[in-house]
Amino acid sequence: MTIRLRRWLRCLLPVSMMLLSLSSYAEKGDKYKEIVATAGNSRADLKKNVLHLTQGVEISQGSLVIKANNAVMSELADGSTQYLLNGVAGAKMQFRQKLDGGNRWMEGEAEKATFNSTSGMVILTGDARVRNLDSGKVTQEQNGEYLSYDTINEVFVGANSASGQHDASKPAVRIVIQSKLTPPAE
């Protein structure tokens, strides 16, 4: 295995960090665990600095599990890395990760996900959904054609079109936040 290919495999860390960063409560120990990627096929183009994983990609690190039909990791001219994760018709890319404290999880899915390591932007497009669960119960959920998360400034944006802009002809973004208050005893 070449040093450059090993470097690409180590670059899988930002893919997991992309999803880890969706919540500041993700299990803190996960980022220190090894990253394991499996796929039916892989192709590394060392001249173009592109790694292609296809046919049932699964990337895991600790409690984080990412599943996609294919993944492409590219080194950009500025030295940053861009990651593309894609589902296929009827099978979206998915992720699931345990959160710190109890039986809490974050999970999500979309037709496509992108992440840029320099800007820290995560973008989920195509019927995107992100959910937080506590003991199997959904505590927060956001759905939209476009969901983005700025991991540096901690800003979440939802839109009803894959372009990230509002489209009056499409359904609205949906956000559900469960109340943390306990009803008074009667």
Once you round to the nearest 0.5 Å, how far does [atom1] of [X] lie from [atom2] of [Y]?
X: Arg96; Y: Glu109; atom1: CZ; atom2: CD; value: 12.0 Å
X: Leu85; Y: Gln94; atom1: CG; atom2: CD; value: 12.0 Å
X: Leu53; Y: Asn41; atom1: CG; atom2: CG; value: 9.5 Å
X: Asn132; Y: Gln97; atom1: CG; atom2: CD; value: 11.0 Å
X: Leu51; Y: Met73; atom1: CG; atom2: CE; value: 4.0 Å

Testing the basics here: between [X] and [Y], what is the closest heavy-atom pair and its distance to 0.1 Å?
X: Glu145; Y: Ala162; result: CB-N, 3.8 Å
X: Ala110; Y: Lys92; result: O-CB, 3.1 Å
X: Val65; Y: Lys67; result: CG1-CE, 4.0 Å

Show your working on side chain to side chain contact (heavy atoms under 4.5 Å, CB included) between Val176 and Gln178 and close with a plain yes or no. CA-CA 6 Å; Val176 177; Gln178 296 296 322; 3.6 Å; yes
Report the C-alpha distance between Thr125 and Glu111 in whole Å, list the side-chain angles of each, state the deciding distance to 0.1 Å, and finish with yes or no for side chain to side chain contact (heavy atoms under 4.5 Å, CB included). CA-CA 6 Å; Thr125 56; Glu111 292 171 7; 5.9 Å; no
Going by an N to O cut-off under 4.0 Å, is there a salt bridge joining Arg43 and Asp45?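 No, Arg43 and Asp45 are not salt-bridged.
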Indicate yes or no: at least one non-hydrogen side-chain atom of [X] is less than 4.5 angstrom from one of [Y].
X: Arg174; Y: Glu141; value: yes
X: Met93; Y: Ile66; value: yes
X: Arg129; Y: Asp127; value: yes
X: Gln142; Y: Val173; value: yes

Does Met106 belong to the same Ile/Leu/Val/Met/Phe/Trp/Tyr cluster as Leu124, with side-chain heavy atoms less than 4.5 Å apart forming each link?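 Yes, Met106 and Leu124 fall within the same hydrophobic cluster.
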Hydrophobic clusters here meaning ILVMFWY residues chained together by side-chain heavy-atom distances under 4.5 Å, can you tell me if Ile177 and Leu147 are in one?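 No, Ile177 does not connect to Leu147 through the hydrophobic network.
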Does the side chain of Asn69 pick up a donor-acceptor pair with the side chain of Asn86 at under 3.5 Å?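 Per modelled atom types, Asn69 and Asn86 side chains form no pair under 3.5 Å.
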